[in-house]
Amino acid sequence: MLRKMPKVVPGLRRRALAVVLVALALAAASCTGNRPARSPKATVPKAAGTPAPAGPYAVPKVITKPYVQKVLDALEVVNAQATDLIVANKTLVPEAANRLRSINTSDEFSQQTAIWLTQLRNGLSNYRIPPGPVSDRVLTIGPSTSRCVFAMINRDYSGLEVHPPPAHNSYVVLRLSQPTDSSSGMNPTPWVISFLGYQSNGTPPPNPCVGTS
């Protein structure tokens, strides 16, 4: 979860675009020359291939607001580490891309990569030095399951940006991690983000968790 921008519910996600964006990101990372990448604080490791860890992030029988809040807070920690690396190095270094991939589905990662490449071209002038995390506050939870969570959240960018927009309501969909997701161990939770934003008219997006088990 990098610097999230409000967006329309994606309807034209192209896997070819995802491949191109990742290639661009890695190419950009290779342009850092001999300058070492700035390293963030250590993350809590997760064993590869372990989608549902025990402990504080174990999936409960009933999905509650406090649980979703705890998961989002953990994902924002990883996102903040990626942001710190990108802002410090002025490019999407592999360490940052790996963190972003660990907390997003492949489709969402491709969209966030595109946003970051645009931000880099624009010079990152509005980011705090060092940048702080985005603050998410869970407002409501829609129909959800042990594999899919739909929630309305309030997002505050004041810790991230010098001139932040007003805190605004948005929607997030969390999907239980699958074998095709990153197993880098950088995401301490069993969840990844499959959508973050809202429709252009401000209405909630369709809840993909309805009808899932």
Side-chain angles (χ1 to χ4, degrees), residues 1-7 10 13-14 17-46 71-136 153 155-165 167-168 170 172 174 177 181-189 191-197:
M1 213 180 348
L2 48 79
R3 181 181 182 276
K4 299 292 183 180
M5 302 291 289
K7 60 189 178 189
R13 290 180 173 176
R14 301 181 178 87
L17 174 61
V19 173
V20 171
L21 291 174
V22 173
L24 287 173
L26 296 178
S30 68
C31 295
T32 56
N34 296 323
R35 181 177 57 194
R38 177 174 171 179
S39 298
K41 296 179 181 179
T43 58
V44 179
K46 177 181 67 175
V71 169
L72 287 176
D73 290 345
L75 296 180
E76 286 293 3
V77 168
V78 181
N79 180 50
Q81 293 172 350
T83 301
D84 186 53
L85 283 163
I86 295 169
V87 172
N89 293 280
K90 301 295 189 295
T91 189
L92 185 53
V93 292
E95 294 91 337
N98 288 340
R99 283 168 172 78
L100 295 176
R101 181 64 183 91
S102 76
I103 61 174
N104 291 286
T105 62
S106 60
D107 284 347
E108 184 67 12
F109 171 69
S110 71
Q111 295 204 19
Q112 298 311 309
T113 300
I115 293 172
W116 264 123
L117 294 177
T118 299
Q119 294 287 312
L120 286 164
R121 286 194 296 270
N122 292 338
L124 306 178
S125 61
N126 195 34
Y127 284 79
R128 294 186 181 278
I129 305 297
V134 176
S135 176
D136 299 326
I153 62 177
R155 309 207 79 212
D156 184 354
Y157 293 92
S158 59
L160 176 68
E161 298 181 334
V162 177
H163 303 291
H168 62 272
S170 191
V172 63
L174 302 177
S177 181
D181 294 315
S182 172
S183 59
S184 63
M186 296 177 179
N187 180 353
T189 83
W191 299 93
V192 289
I193 299 167
S194 65
F195 176 82
L196 179 65

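Values below: all heavy atoms of this structure, side chains included; hydrogens, waters and symmetry mates excluded.
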Original post:
Given the rule in the side-chain contact (heavy atoms from CB on, under 4.5 Å) test, do Leu100 and Leu92 qualify, once you have shown the distances and angles that lead to the verdict?
Top reply: CA-CA 10 Å; Leu100 295 176; Leu92 185 53; 4.1 Å; yes

Original post:
Run the side-chain contact (heavy atoms from CB on, under 4.5 Å) check on Asp84 and Tyr127 step by step: do they pass?
Top reply: CA-CA 10 Å; Asp84 186 53; Tyr127 284 79; over 6 Å; no

**OP:** List the steps, then state whether side-chain contact (heavy atoms from CB on, under 4.5 Å) holds for Glu95 with Met186.
**Re:** CA-CA 10 Å; Glu95 294 91 337; Met186 296 177 179; 6.0 Å; no

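In this structure, the side chain of Asn126 engages the main chain of His163 through a donor-acceptor pair within 3.5 Å. A donor-acceptor pair under 3.5 Å links the side-chain atoms of Ser170 to the main chain of Gly197, judged by distance alone. Asn187 places a side-chain N or O within donor-acceptor distance of the main-chain N or O of Trp191, the cut-off being under 3.5 Å.
Side-chain contact of Thr105 with Asp107: a donor-acceptor pair under 3.5 Å is absent, judged by distance alone.
For the pair Arg128 and Ser158, the tightest heavy-atom approach, listed with the atom from each and the gap, is NE-O, 2.8 Å. Among all heavy-atom pairs drawn from Ile86 and Ala96, the shortest one is CG1-CB, 3.6 Å. Nearest heavy atom pair, residue Glu108 against residue Phe195, reads OE1-CA, 3.9 Å. Closest approach of Ala97 and Phe109 over heavy atoms only: O-CE1, 3.6 Å. Minimum interatomic distance between Asp73 and Asp136 (heavy atoms only, all atoms of both residues): OD1-O, 4.2 Å. In terms of heavy-atom proximity, Pro188 sits nearest to Val78 at CD-CG2, 4.1 Å.
How far CD1 of Ile115 is from CG of Leu120: 12.0 Å, rounded to the nearest 0.5 Å. Here the CD1 atom belonging to Ile103 is positioned 12.0 Å from the OG atom belonging to Ser177, to the nearest 0.5 angstrom. Atom CG of Leu196 sits about 9.0 Å away from atom CG of Leu72, to the nearest 0.5 Å. To the nearest 0.5 angstrom, Asn122 atom CG is 11.0 Å from Leu117 atom CG.
Within the 4.5 Å cutoff, side-chain heavy atoms of Ser106 are placed close to those of Arg101. The shortest side-chain heavy-atom distance between Leu174 and Ile193 falls under the 4.5 Å cut-off.
In this structure, Asn98 has no side chain to side chain donor-acceptor pair (under 3.5 Å) partners at least two apart in sequence or on a different chain. By the side chain to side chain donor-acceptor pair (under 3.5 Å) test, Thr118 pairs with Arg121, sequence neighbours left out.
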